[in-house]
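Owing to the predicted nature of the structure, the values given are computational and were not obtained by experimental measurement. Sequence lines set the chain letters: A, B, ... in the order given, protein chains first and strands last, and positions in each chain run from 1.
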There are 2 protein chains.
Amino acid sequence: MLANTDYGTETEQSEQPGHEAAGPSRATPLRADDLARSLPGGMVRVFAAKEHIYREGDPATHVYRVEAGHVCIYRGLPDGRRQIVSFSYPGDFIALGAIRRHSASALAGAKTHMRSYPLAGLQEIARHDAALGLRLYAAVSEELAAAHDLLMTVTHRSAGERLAAFLLALSRRNSRCGENEREIVLPMTRTDIADFLGLTIETVSRTFTKFRIEGLIDLEQCILVTICDLAALEIAAGNGVSARERLELAS
Amino acid sequence: MLANTDYGTETEQSEQPGHEAAGPSRATPLRADDLARSLPGGMVRVFAAKEHIYREGDPATHVYRVEAGHVCIYRGLPDGRRQIVSFSYPGDFIALGAIRRHSASALAGAKTHMRSYPLAGLQEIARHDAALGLRLYAAVSEELAAAHDLLMTVTHRSAGERLAAFLLALSRRNSRCGENEREIVLPMTRTDIADFLGLTIETVSRTFTKFRIEGLIDLEQCILVTICDLAALEIAAGNGVSARERLELAS
DNA sequence: ATGGAGTGTGAGAGTGTGTAACAAGGGAGC
DNA sequence: GCTCCCTTGTTACACACTCTCACACTCCAT
């Protein structure tokens with residue numbers, strides 16, 4: 001779950017390349033690949049949709065890499081409320097921060113292929129290979145920055161801002177992966193989005209409709225979002241246009 | 001800012017010792033000391049109240065350890081809104097997750113003594129000493145778990161639950177440090193508490209008075225909180241009493 | 001004494017929520 | 001292919017919670 005989706009809150013975004021944000025998921029292709037290269041090839045296991053890879057509190061035994069499908073990482077409250085902490089896509093590692101026990105649950109959102117690396121072996125390597133330890137450190141540090149960004153977004157932004165930021169984060173992810181930045185596939189359910197953004201499913205639904213009416217997006221099916229007005233969506237996300245960009249627009 | 005204050009959300013808390021949560025701060029005495037032992041003695045510098053140790057976006061040059069005083073780690077939005085990510089007390093490390101640039105700002109809440117360790121030297125050691133890399137990894141992993149807990153609390157809990165959880169986290173911190181678990185000193189302002197819990201200062205203030213009227217706490221000065229009814233505060237925090245404890249109480 | 005920062009309290013407004021009921025889609029079974 | 005049923009998404013409306021705005025008070029330093 002190497003977080004890397006920036007919500008693009010900062011106006012100086014381009015000047016702070018290292019400042020990534022908590023998004024629905026993020027590829028961090030470089031770092032993740034770094035890490036993958038350090039690791040011996042693990043076993044691939046297939047999980048069915050809605051099958052848990054591990055649960056909060058379980059002893060940590062493996063680190064995983066998503067090969068296909070997608071995974072929700074979440075925390076739960078006894079009364080059923082839950083907070084999705086990140087969505088992980090192919091290439092992302094999950095369960096990295098777990099030392100003894102998993103501090104969150106991992107649930108396959110669809111049929112998902114996971115490559116697993118035994119923790120014991122990992123620690124064995126890290127004891128000799130200092131570079132691996134630093135890579136793990138760097139990977140978790142990025143997740144930490146992502147978590148802080150998500151915290152910022154969820155706490156201080158309105159429902160509309162949150163959803164807009166979420167869509168933009170997915171759009172940027174598409175850009176990075178060389179896909180269409182205006183056609184966003186939402187493999188997760190409305191419930192998942194709500195639990196990620198700290199909203200209810202109704203509010204998510206309502207806000208989608210509001211965006212559609214305002215002409216910001218198109219909703220072909222509930223799974224496919226087309227961004228009609230990227231700039232307006234940026235404004236809806238509360239992302240101030242940077243001073244430089246404003247000058248460029250004005251001139 | 002080695003996070004270690006559990007909000008005690010889980011009913012199986014005692015059965016999940018490794019499951020710590022996002023609190024206002026946490027000592028993690030063991031790990032922090034581990035880390036301190038690995039590091040060469042750094043320089044101590046004194047910061048005045050409201051002086052920044054570093055700012056979001058600054059190039060990361062040092063890692064710091066709080067020797068005296070306390071520090072707020074926060075993220076800011078362009079419009080002035082901010083989210084305090086953690087409070088750090090003596091013994092805590094800060095700036096650990098920063099690879100190239102600081103992803104958050106650090107502000108001294110009062111006159112604060114900080115011991116600083118140059119990042120360059122740290123990386124040099126880590127290249128040879130694999131154990132240090134793993135310790136850094138472990139330290140940041142704890143911060144990540146803490147951030148996720150804070151996320152959970154701020155997103156899915158009411159104002160009362162948040163404040164109660166905050167006070168309980170501080171109470172537990174006192175226990176761990178061998179201090180009175182019922183007498184809590186709040187070195188931070190109401191504004192800081194509000195920015196940490198994602199509330200407004202007014203709501204924080206009102207909730208404090210509500211707790212006082214209900215007999216949960218006493219407020220001598222606004223800086224000193226005495227917990228009168230620990231169990232009631234647990235309930236106010238939304239921490240369900242575990243099945244076992246309920247049986248014990250009933251019998 | 002005076003000013004400022006921080007805190008406490010009140011009234012009104014607004015956002016998001018909760019509880020509904022309803023529509024749409026997909027799979028199992030026959 | 002067909003129905004039934006369950007899941008998921010959408011919409012409406014009243015309500016509750018928190019926020020916003022306004023002002024008084026305390027404490028401390030000047």
- Query: Taking it one step at a time, do B:Arg45 and B:Glu51 satisfy salt bridge (Lys or Arg N to Asp or Glu O under 4.0 Å)?
  - Reply: CA-CA 12 Å; B:Arg45 193 179 143 191; B:Glu51 190 180 351; 3.7 Å; yes

- Query: In whole Å, what is the span from the CG atom of A:Leu219 to the P atom of D:dT11?
  - Reply: 10 Å

- Task: Taking only the side-chain heavy atoms of B:Arg190 (C-beta and beyond), determine which of C:dG6, C:dG8, C:dG16 contains the nearest atom.
- Result: C:dG8

- Compare the minimum distances between each of C:dT9, C:dG16, D:dT11 and the side chain of A:Arg212, then state the nucleotide with the smallest one. D:dT11

- Note on the structure: Quick note, A:Leu199 side chain, CB onward, closest among C:dT7, D:dC19, C:dT17 is C:dT17

- Correct closest heavy-atom pair for B:Phe87 and B:Ile193 would be CZ-N, 4.5 Å

- Scan A:Lys210 against the nucleic acid and name what it touches under 4.0 Å (heavy atoms): base, sugar-phosphate only, or nothing. nothing

- Please determine, for the side chain of B:Ser205, which listed nucleotide (D:dG9, D:dT11, C:dT7) has the closest atom? C:dT7

- Item | Residue among B:Leu199, B:Leu233, B:Thr207 satisfying side-chain contact (heavy atoms from CB on, under 4.5 Å) with B:Leu163 | B:Thr207

- Between C:dT17, C:dG6, C:dT9, which one does the side chain of A:Thr200 approach most closely? C:dT17

- Item | Members of residues 104-112 of chain B that approach DNA chain C, where some heavy atom sits under 4.0 Å away | none

- Cation-pi, B:Phe208 ring and B:Arg190 (6.0 angstrom, 45 degrees): yes

- Parallel, tilted or perpendicular: which describes the rings of B:Tyr64 and B:Tyr54, with under 30° parallel and over 60° perpendicular? parallel

- Task: May I ask you to say what A:Gly160 touches in the nucleic acid, namely base, sugar-phosphate or nothing, with a heavy-atom cut-off under 4.0 Å?
- Result: nothing

- Item | Matching residue for B:Ile227 among B:Leu216, B:Asp218, B:Ile184, B:Asn180 - test: side-chain contact (heavy atoms from CB on, under 4.5 Å) | B:Ile184

List, with names and distances, any nitrogen or oxygen atoms from the protein found under 3.5 Å away from nitrogen or oxygen atoms belonging to nucleotides 10-13 of chain C.
residue, atom, partner, partner atom, Å
C:dG10, N7, B:Arg206, NH1, 3.1
C:dG10, O6, B:Arg206, NH1, 3.3

- How do B:Ile201 and A:Ala159 order along DNA chain C: which one's closest nucleotide is nearer the 5' end? B:Ile201

- Taking C:dT9, D:dT8, C:dA5 as options, the one with an atom nearest any side-chain atom of B:Thr209 is C:dT9

- Item | Gap between atoms CZ and P, on A:Arg157 and D:dC19 respectively (whole Å) | 18 Å

- Taken to the nearest whole Å, CG/B:Asp195 to C1'/D:dT18 is 15 Å

- Note on the structure: Checking C:dG8, D:dC19, C:dG6 against the side chain of B:Thr203 (C-beta onward), the nearest is D:dC19

- Query: Rounded to the Å, how far apart are A:Ile213 CD1 and D:dT11 C1'?
  - Reply: 11 Å

